[in-house]
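The block underneath contains the structure these notes are about, expressed in structure tokens.
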Amino acid sequence: MKRHYWLMKSEPDVFGYEHLVAAPGQSELWDGVRNYQARNLMREMKVGDRALFYHSSTRPPHVFGVMEIVREAVPDPTQFDPESSHYDPGSDPDDPRWWAVTVRALAPLKKIVSLDDLKANPKLADMRIVQRNQRLSIQPATRAEFDEVIRMGGGLAKP
DNA sequence: GCCAACGTTGGC
DNA sequence: GCCAACGTTGGC
């Protein structure tokens with residue numbers, strides 16, 4: 001089975017890498033995605049896939065660490081929760097609209113890799129994140145891109 | 001806080 | 001099915 005690579009964005013105030021590391025059992029449902037393209041990509045994810053964890057709305061925005069997909073997409077429960085800010089009254093429980101994978105922290109990078117660093121590396125020119133305002137919160141990456149970002153971050157710190 | 005990009009909605 | 005209005009994202 002071929003492993004795939006991804007980049008997943010979150011605002012650290014809402015859900016950052018530290019939350020993930022501190023989470024019970026160190027795994028967490030990646031809920032709240034309300035974009036069809038991102039949803040479709042998440043449904044392609046397989047157990048064992050790896051993802052770069054990107055912190056947005058920070059100065060500078062940056063890649064912080066690496067996650068592993070530990071469970072394939074299941075219906076996102078927040079879409080059926082009227083109390084949730086992600087509540088979607090239009091979603092049919094028999095045919096849920098929104099799905100979420102479960103992720104686990106693998107390790108932080110030894111040093112963060114900023115968006116400017118990503119943009120400055122010609123090897124990463126095809127990554128969506130470095131292209132003009134590509135806001136998609138879940139993006140595919142190649143293994144070469146994934147490895148390059150980790151190399152730029154000085155490798156993975158021991159958890 | 002601003003605003004460009006861009007996805008979604010809804011009138012026609 | 002078009003497209004203007006609107007809302008959100010996210011870098012700056």
Side-chain angles (χ1 to χ4, degrees), chain A residues 4-23 28-45 49-69 72-103 105-142 144-154:
Chain A
H4 288 93
Y5 297 87
W6 310 91
L7 179 145
M8 299 169 80
K9 289 188 205 173
S10 182
E11 297 188 30
D13 291 350
V14 179
F15 186 79
Y17 193 87
E18 274 105 346
H19 294 96
L20 191 61
V21 170
E28 195 74 21
L29 194 66
W30 196 269
D31 58 16
V33 170
R34 295 295 181 266
N35 171 283
Y36 288 104
Q37 253 188 294
R39 188 273 316 261
N40 293 344
L41 289 169
M42 211 160 33
R43 290 173 71 169
E44 290 177 24
M45 292 179 176
D49 282 3
R50 299 287 155 89
L52 299 167
F53 196 134
Y54 180 87
H55 283 166
S56 63
S57 296
T58 56
R59 271 175 222 266
H62 59 272
V63 176
F64 189 91
V66 175
M67 302 184 288
E68 178 180 24
I69 309 304
E72 290 176 18
V74 297
D76 178 347
T78 63
Q79 71 195 305
F80 304 123
D81 176 5
E83 303 297 310
S84 169
S85 57
H86 300 297
Y87 179 52
D88 181 357
S91 180
D92 176 357
D94 292 327
D95 185 17
R97 190 176 281 171
W98 306 114
W99 296 66
V101 296
T102 302
V103 298
L106 279 185
L109 296 172
K110 285 189 176 151
K111 55 179 196 278
I112 64 166
V113 178
S114 72
L115 180 58
D116 283 345
D117 293 339
L118 296 174
K119 285 177 176 171
N121 187 333
K123 290 180 185 167
L124 305 179
D126 289 336
M127 289 188 84
R128 282 192 66 133
I129 194 83
V130 305
Q131 292 162 14
R132 213 169 138 75
N133 281 21
Q134 293 286 348
R135 303 175 309 174
L136 200 57
S137 67
I138 294 183
Q139 310 187 357
T142 65
E145 290 162 347
F146 181 88
D147 289 345
E148 179 66 7
V149 173
I150 292 173
R151 189 196 63 73
M152 292 167 77

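No hydrogens, no waters, no symmetry mates; every other heavy atom, side chains included, goes into these values. Every chain is numbered from 1, with letters handed out A, B, ... down the list of sequences.
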Q. In terms of the nearest nucleotide of DNA chain B, which residue is placed more toward the 5' end: R97(A) or R59(A)?
A.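 In this pair, the answer is R59(A).
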Q. Does the ring center of W30(A) lie less than 6.0 Å from the ring center of F53(A)?
A. yes
Q.
Are Y36(A) and W98(A), when compared by the centres of their aromatic rings, separated by less than 6.0 Å?
A. yes
Using whole Å, report how far [atom1] of [X] lies from [atom2] of [N].
X: N35(A); N: dA5(B); atom1: CG; atom2: P; answer: 18 Å
X: F15(A); N: dT9(C); atom1: CZ; atom2: C1'; answer: 19 Å
X: L136(A); N: dA4(B); atom1: CG; atom2: P; answer: 22 Å
X: R34(A); N: dT9(C); atom1: CZ; atom2: P; answer: 11 Å
X: I138(A); N: dT9(C); atom1: CD1; atom2: P; answer: 14 Å
X: K119(A); N: dG11(C); atom1: NZ; atom2: C1'; answer: 7 Å
X: Y36(A); N: dT9(C); atom1: OH; atom2: P; answer: 15 Å
X: R128(A); N: dT9(C); atom1: CZ; atom2: C1'; answer: 13 Å

Q.
I'd like to know if R97(A) and D88(A) make a salt bridge, using a cut-off of under 4.0 Å between side-chain N and carboxylate O.
A.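 Looking at D88(A) together with R97(A), the answer is yes, because their closest N to O distance falls below 4.0 Å.
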Quick check: closest heavy atoms across [X] and [Y], and the distance to 0.1 Å?
X: D49(A); Y: M45(A); answer: OD2-CA, 3.6 Å
X: G32(A); Y: T78(A); answer: N-OG1, 4.1 Å
X: A125(A); Y: V130(A); answer: O-CG2, 3.7 Å

Q. What distance do Y54(A) atom OH and L7(A) atom CG have between them, rounded to the nearest 0.5 Å?
A. 8.0 Å
Restricting to nitrogen or oxygen on both sides, can you table the protein-nucleotides 6-8 of chain C pairs closer than 3.5 Å?
residue : atom : partner : partner atom : Å
dT8(C)  : O2   : R135(A) : NH1          : 2.9

Q: Take S91(A) and Q79(A), measure what side chain to side chain donor-acceptor pair (under 3.5 Å) needs, and give me the verdict at the end.
A: CA-CA 7 Å; S91(A) 180; Q79(A) 71 195 305; 2.7 Å; yes
Q) Which one of L52(A), I129(A), I138(A) satisfies the side chain to side chain contact (heavy atoms under 4.5 Å, CB included) criterion with K9(A)? A) I129(A)
Q: Using a 3.5 Å limit on both pairing distances, list the dot-bracket string of DNA chain B from the 5' end; Watson-Crick and G-U wobble pairs count, crossing pairs take [ ], interstrand pairs take |.
A: ||||||||||||
